Amino acid sequence: MINNRRRRTVRGALAAVAATVALAATAGTSFASGDPVATAERARATAGAEQQQAGKAQGAAPASRAVGTVETPSFALHGVTKQTGDLYMYWTDNQGGFQPREFVTSGFDAFADSISVDNDKDGWSDHTWTVYKDGKLTYSWIDDDDFEYHSNDVGKGWNIYPTILSPGSIGGAQEADLIGLDKAGVLWGYLGYPNGTLTPRVRIGGGWGQYTQLAGQGDLTGDGKPDIVARDTSGVLWLYKGTGDYKAPFASRTRIGGGWNTYDRLLSVGDLNADGVADLVARKPNGDLFRYAGTGRASAVFESPAKIGHGFQIYNLL
């Protein structure tokens with residue numbers, strides 16, 4: 001289970017990001033629909049790229065820690081309340097669901113997305129890219145030794161991408177990378193440096209505008225490479241296996257199954273049930289939250305869904 005010091009580190013980094021745009025952090029707010037939490041309905045589980053490598057010598061890298069061996073990390077679920085812009089975090093419970101929410105800060109509705117990554121492979125988030133609604137992108141962290149907040153401005157103009165996510169390292173190096181889907185349906189890849197800055201983008205391919213949701217954070221198929229899934233307009237979910245080649249990071253798609261239009265949000269927070277395989281989280285419009293546990297097999301990517309929460313319609317889930 002993640003320790004309290006790491007909790008404070010991650011919460012502190014996100015709160016500091018909000019403070020940089022003079023948005024006050026206040027006490028938690030109660031909501032009419034209550035606190036969405038993991039429920040008794042939970043089904044518990046039983047059990048380098050050339051440009052990136054060259055860039056490691058550029059700029060000041062964050063303070064380093066001992067590198068771990070966890071290939072599929074676990075990340076907190078971020079929810080921003082639609083009415084008030086309050087940011088909450090839900091830490092995984094390592095049994096397929098989430099612990100009760102923790103209030104982080106107010107005023108987070110100025111941000112479009114928050115993308116956590118695990119670059120030291122200890123299994124938990126250590127750095128965060130934050131996308132502002134005005135297109136600004138920053139990279140932030142809090143030093144584990146002195147809790148000093150650090151932030152780098154990465155660039156502007158990122159609001160050209162309706163969807164931005166980090167599947168992990170798409171080029172095989174230590175640091176996580178970013179992919180962005182633009183409004184024309186073209187998918188682009190950016191390789192990450194140790195300080196959060198990025199290489200010039202590389203075109204992955206066109207035709208991605210047929211998809212209404214992209215998700216993925218970690219390895220779904222057991223080959224050690226990060227994968228993503230994509231839902232098309234008819235509700236079919238497709239698997240794109242990672243290749244480890246940043247110039248062509250995904251193999252041709254394979255069909256997972258239909259009926260996924262029943263959900264209004266698909267996202268990954270890595271490994272929810274501590275089995276070493278990435279999972280998928282899906283929300284219905286009524287706020288019910290489901291876990292699709294990963295199997296680690298490309299032939300049958302997910303197990304049957306298990307309900308793990310309710311009331312999540314109050315959030316924009318990041």
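No experiment lies behind these values; they were computed from the predicted model shown.
Side-chain contact between Ile256 and Phe302 is present, with heavy atoms from C-beta onward closer than 4.5 Å. Looking at heavy atoms from C-beta onward, Val229 lies in side-chain contact with Leu220 at the 4.5 angstrom threshold. Residues Lys133 and Asn159 fail the side-chain proximity criterion, which asks for heavy atoms closer than 4.5 Å. Between Phe98 and Leu77, some side-chain heavy-atom pair lies under the 4.5 Å cut-off. Proximity of Arg297 to Thr221: side-chain heavy atoms (C-beta onward) are nowhere separated by under 4.5 Å. Side-chain contact between Arg253 and Tyr211: present, with at least one pair of heavy atoms (C-beta onward) separated by less than 4.5 Å. Ser166 has its side chain out of reach of Ile179: every pair of non-hydrogen atoms, C-beta onward, lies at least 4.5 Å apart.
In the hydrophobic clustering of this structure, Leu214 groups with Trp238; members are Ile, Leu, Val, Met, Phe, Trp, Tyr whose side-chain heavy atoms approach within less than 4.5 Å, directly or through other members. By the criterion of side-chain heavy atoms lying less than 4.5 angstrom apart, applied directly or through intervening Ile, Leu, Val, Met, Phe, Trp or Tyr residues, Phe75 is not grouped with Val277; the two fall into different hydrophobic clusters. Both Val236 and Leu187 belong to a common hydrophobic cluster when Ile, Leu, Val, Met, Phe, Trp and Tyr are linked at side-chain heavy-atom distances under 4.5 angstrom. Both Trp188 and Leu137 are part of a single hydrophobic cluster, where members link through side-chain heavy atoms under 4.5 Å apart. By the rule that hydrophobic residues join a cluster once side-chain heavy atoms approach within less than 4.5 Å of another member, Leu237 and Ile228 end up as members of separate clusters.
The closest side-chain donor-acceptor pair between Asp219 and Thr72, if any, does not fall under 3.5 angstrom. Inspection of the Tyr315 and Arg265 side chains reveals no N or O donor paired with an N or O acceptor under 3.5 Å.
Using a distance-only test at 3.5 Å, with no hydrogens or angles considered, no donor-acceptor pair links the side chain of Lys241 to the main chain of Asp223. Between the side chain of Asp227 and the backbone N or O of Gly216 there is no donor-acceptor pair closer than 3.5 Å. Looking only at distances, no side-chain donor or acceptor of Asp113 sits under 3.5 Å from a matching main-chain atom of Val131. Between the side chain of Arg283 and the backbone N or O of Phe312 there is at least one donor-acceptor pair closer than 3.5 Å. Judged by distance alone, with hydrogens and angles left aside, the side-chain atoms of Asn286 form no donor-acceptor pair with the main-chain N or O of Gln313 at under 3.5 Å. Panel note: side chain Thr243, backbone Asp245; a donor-acceptor pair is recorded below 3.5 Å. No side-chain donor-acceptor contact under 3.5 Å links Thr128 to the backbone of Ser116. In this structure, the side chain of Arg291 engages the main chain of Gly96 through a donor-acceptor pair within 3.5 Å. At distances below 3.5 Å, at least one donor-acceptor pair connects side-chain atoms of Asp271 with backbone N or O atoms of Gly276. In this structure, the side chain of Asn152 does not engage the main chain of Val154 through any donor-acceptor pair within 3.5 Å.
Tyr139 and Asn195 make their closest contact through CD2-O, 3.2 Å (heavy atoms, listed as atom of the first residue, atom of the second, distance). A pairwise comparison of heavy atoms in Thr92 and Gln99 identifies O-NE2, 3.0 Å as the closest pair. The two residues Asp264 and Pro285 come nearest to each other via the heavy atoms OD2-CA, 3.5 Å. Annotation for Leu198 and Gly192: closest pair CD2-CA, 3.7 Å, computed over non-hydrogen atoms. The minimum heavy-atom distance linking Ser74 with Asn94 is given by the pair OG-OD1, 4.5 Å. Annotation for Pro167 and Ile170: closest pair CG-CG2, 4.3 Å, computed over non-hydrogen atoms.
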Inset, instruction - Would you sort out whether Tyr190 and Trp129 count as a ring pair (Phe, Tyr, Trp, His ring centres under 6.0 Å), showing the intermediate values? - result: CA-CA 13 Å; Tyr190 295 81; Trp129 276 296; 9.6 Å; no
Inset, instruction - Run the numbers on Tyr161 and Leu178 for side-chain contact (heavy atoms from CB on, under 4.5 Å), then give the verdict. - result: CA-CA 11 Å; Tyr161 299 118; Leu178 285 181; over 6 Å; no
Inset, instruction - Given side chain to side chain donor-acceptor pair (under 3.5 Å), test Trp141 with Asp126 step by step and report yes or no. - result: CA-CA 7 Å; Trp141 68 98; Asp126 45 59; over 6 Å; no
Inset, instruction - Please test Tyr193 against Glu175 for side-chain contact (heavy atoms from CB on, under 4.5 Å), starting from the C-alpha separation and ending with a verdict. - result: CA-CA 7 Å; Tyr193 295 146; Glu175 289 76 33; over 6 Å; no
Inset, instruction - For Tyr246 and Thr199, run side-chain contact (heavy atoms from CB on, under 4.5 Å): C-alpha distance rounded to whole Å, both residues' side-chain angles, the deciding distance at 0.1 Å, then the answer. - result: CA-CA 11 Å; Tyr246 77 95; Thr199 64; over 6 Å; no
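In this structure, CD in Glu303 is found 7.5 Å from CG in Asn273, a value given to the nearest 0.5 Å. To the nearest 0.5 Å, the span separating CD1 on Ile308 from CG on Leu289 amounts to 4.5 Å. To the nearest 0.5 angstrom, Leu317 atom CG is 14.0 Å from Tyr88 atom OH. With rounding to the nearest 0.5 Å, the separation of CG in Asp177 from OG in Ser169 is 4.5 Å. Atom CD of residue Gln174 and atom NZ of residue Lys121 lie 5.5 Å apart, to the nearest 0.5 angstrom. For the atom pair Leu266 CG and Thr212 OG1, the distance stands at 7.5 Å (nearest 0.5 Å).
Ring geometry for Tyr240 against Trp208 counts as tilted: the plane angle lies between 30° and 60°, on a 0 to 90° scale. Taking the six-membered ring for Trp and thresholds of 30 and 60 degrees, Tyr292 and Tyr263 have ring planes more than 60 degrees apart, a perpendicular arrangement.
By the 4.0 Å N-to-carboxylate-O rule, Lys136 lies close enough to Asp153 to be salt-bridged with it.
Looking at Phe108, Trp158, Phe111 one by one, the single match for ring pair (Phe, Tyr, Trp, His ring centres under 6.0 Å) with Tyr132 turns out to be Phe111.
More than 12 heavy atoms of other shown residues, nucleotides or ligands fall within 6.0 angstrom of atom NZ in Lys82. Enclosure of atom NZ in Lys183 is not indicated, since only 12 or fewer non-hydrogen atoms of other residues, nucleotides or ligands lie within 6.0 angstrom.
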